[in-house]
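Here is the structure we will look at.
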Amino acid sequence: MVEFYGTRIDNPLLLGTARYPSPSVLAASVKQSGVNVVTVSLRREAGANGVGQKFWDLIKALNVRVLPNTASCYTVKEAVITAQMAREVFATNWIKLEVIGHSDTLQPDVFSLVEAARILNEEGFEVFPYTTEDLVVADKLVQVGCQVLMPWGSPIGSGRGLSNPYGLRSLRAHFKDLTIVIDAGIGLPSHAAHAMELGCDAVLLNTAVAKAGNPVTMAMAFADAVAAGRMAYLAQPIEQTDMAHPSTPVIGKAFLA
Amino acid sequence: MRIILNGDQCEVTATTLAQILLEQGHKTDAIATAVNGVFVHKHRRAELFLKEGDRLEIVAPMQGG
């Protein structure tokens, strides 16, 4: 269970809808993993061939919530206009706000991100900002009205897992009441479980499922991993230590030397 | 008149945004529009007249991560 702006979602795994081998594999991946939220995007409609409408019909048939994104936007203006258009097409105030600052790493431009988030929050959007684990940036996003943070695990599509677990742990500790979603860079179910074990509330991923040899099975593996990680976090994991501690009691051991 | 439609030169005979969309074959609700970098709500399309050289963007749903 995870909550986004007052809306409760059962499954803390969120899936992207891009790069699947076919629409039917996308649909099966969503259904079999029990995902409740998928991300979608907007692009120029090349003609009156209705490709966009067909994709939208497919998504609507899945009976899930959609989280539109502002992918590939590099400026505040681009991101805000894309969000406004997405709200009209997808009929939701949710927006996954991406303002990219670096084309190689797809790292967010956090300065423009905060400004775009401010504008969109004032316009009644419920903003899911794609950000870094930077505490100061997170604080600025909260100040402009964000109740959800979406720090990257590592660069989008890289599959590298969590580059900075310490930073994510700090983020969790500083923003106890915010919903934190790891977005980007997840490659394996163990990465997703790790994020959840650190106390993150949800994980959003796309490529790791869509480009797997068997996307449907991988989606199910991720759903299980996210659930296991969440359960482990709630069960309060032990602290790590540098030295060994015998698990078998030494008291009462027979003197046999 | 000539406008820039999704980045390409385009000759249109209609003048309002709503008419241009119909002329271009867009009959679906699953599109959104912006003119000269400003979002145009669907309820305003019928009253918005485009001018020579205006930049019209038409977008539709697609896959995203």
Side-chain angles (χ1 to χ4, degrees), chain A residues 14-20 23 26 38-60 66-72 75 77-78 80-91 96 98 106 123 130 156-157 183-184 204-210, chain B:
Chain A
L14 289 67
L15 272 186
T17 55
R19 309 186 72 188
Y20 290 80
L26 160 62
V38 299
T39 53
V40 291
S41 194
L42 286 174
R43 282 295 181 273
R44 283 171 167 171
E45 183 79 319
N49 50 16
V51 171
Q53 180 70 58
K54 285 174 189 158
F55 170 69
W56 186 215
D57 289 343
L58 170 78
I59 296 300
K60 284 193 286 189
V66 294
L67 174 58
N69 69 27
T70 63
S72 306
T75 67
K77 183 180 178 186
E78 276 183 301
V80 168
I81 294 170
T82 301
Q84 292 166 335
M85 293 197 288
R87 178 156 67 179
E88 181 172 275
V89 170
F90 297 113
K96 180 189 166 193
E98 296 182 36
L106 299 181
E123 292 187 10
Y130 165 61
I156 293 172
D183 175 21
L204 190 154
L205 55 92
N206 190 153
T207 306
V209 165
Chain B
M1 65 178 169
R2 291 187 82 77
I3 62 172
I4 312 294
L5 174 55
N6 283 350
D8 293 326
Q9 295 275 346
C10 181
E11 185 74 32
V12 295
T13 55
T15 52
T16 68
L17 175 53
Q19 290 168 338
I20 290 172
L21 291 176
L22 279 178
E23 185 179 308
Q24 295 297 315
H26 293 286
K27 295 168 185 166
T28 168
D29 277 342
I31 56 169
T33 54
V35 175
N36 298 329
V38 177
F39 167 61
V40 180
H41 193 279
K42 61 185 174 186
H43 296 313
R44 290 196 50 236
R45 290 175 191 160
E47 64 196 40
L48 183 72
F49 288 83
L50 269 66
K51 307 183 302 294
E52 181 83 18
D54 276 350
R55 289 180 295 111
L56 170 59
E57 293 286 331
I58 305 171
V59 296
M62 73 160 286
Q63 298 85 349

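The structure presented is a predicted model; accordingly, all values stated were derived computationally and were not measured. All chains are named by letter (A, B, ...) in the order of the sequence lines, taking the proteins before the strands, and each is independently numbered beginning at 1.
Of the two parts of A:Lys96, only the side chain, counted from C-beta on, holds a non-hydrogen atom closer than 4.5 Å to a non-hydrogen atom of chain B. Using a 4.5 Å cut-off between heavy atoms, A:Glu98 touches chain B through its side chain atoms alone.
Put simply, the side chain of A:Val89 reaches to within 4.5 Å of the side chain of B:Pro61, judged on heavy atoms. Taking the side chain as every heavy atom from C-beta outward, A:Glu45 and B:His26 approach each other to under 4.5 Å.
Distance NZ/A:Lys77 to CZ/B:Phe39: 14.5 Å, rounded to 0.5 Å. Atom OG1 in A:Thr82 sits 9.5 Å away from atom CD in B:Glu57 (nearest 0.5 Å).
In terms of heavy atoms, A:Ala18 sits closest to B:Gly65 at CB-N, 4.4 Å. Of all non-hydrogen atoms in A:Arg44 and B:Val59, the two that sit nearest each other are N-CG1, 3.9 Å. Of all the heavy atoms in A:Met85 and B:Ala32, the pair that sits closest is CB-CB, 3.5 Å.
Pairs of residues two or more places apart, or lying in two chains, that qualify as ring-ring contact (aromatic ring centres under 6.0 Å, His included) and include a residue from residues 42-65 of chain B are B:His41-B:His43.
The backbone N or O of B:Gln63 sits nowhere less than 3.5 Å from a side-chain atom of A:Ser41 that would complete a donor-acceptor pair.
With sequence neighbours left out, A:Tyr20 forms a ring pair (Phe, Tyr, Trp, His ring centres under 6.0 Å) with no residue at all.
Around CG of B:Asp29, the count of heavy atoms belonging to other residues, nucleotides or ligands within 6.0 Å does not exceed 12.
Contact count versus chain A (heavy atoms, under 4.5 Å) is highest, among B:Ala30, B:Gly7, B:Gly37, B:Ala60, for B:Ala60.
With respect to the salt-bridge test (charged N to carboxylate O, under 4.0 angstrom), the residues A:Glu88 and B:Arg44 do not qualify.
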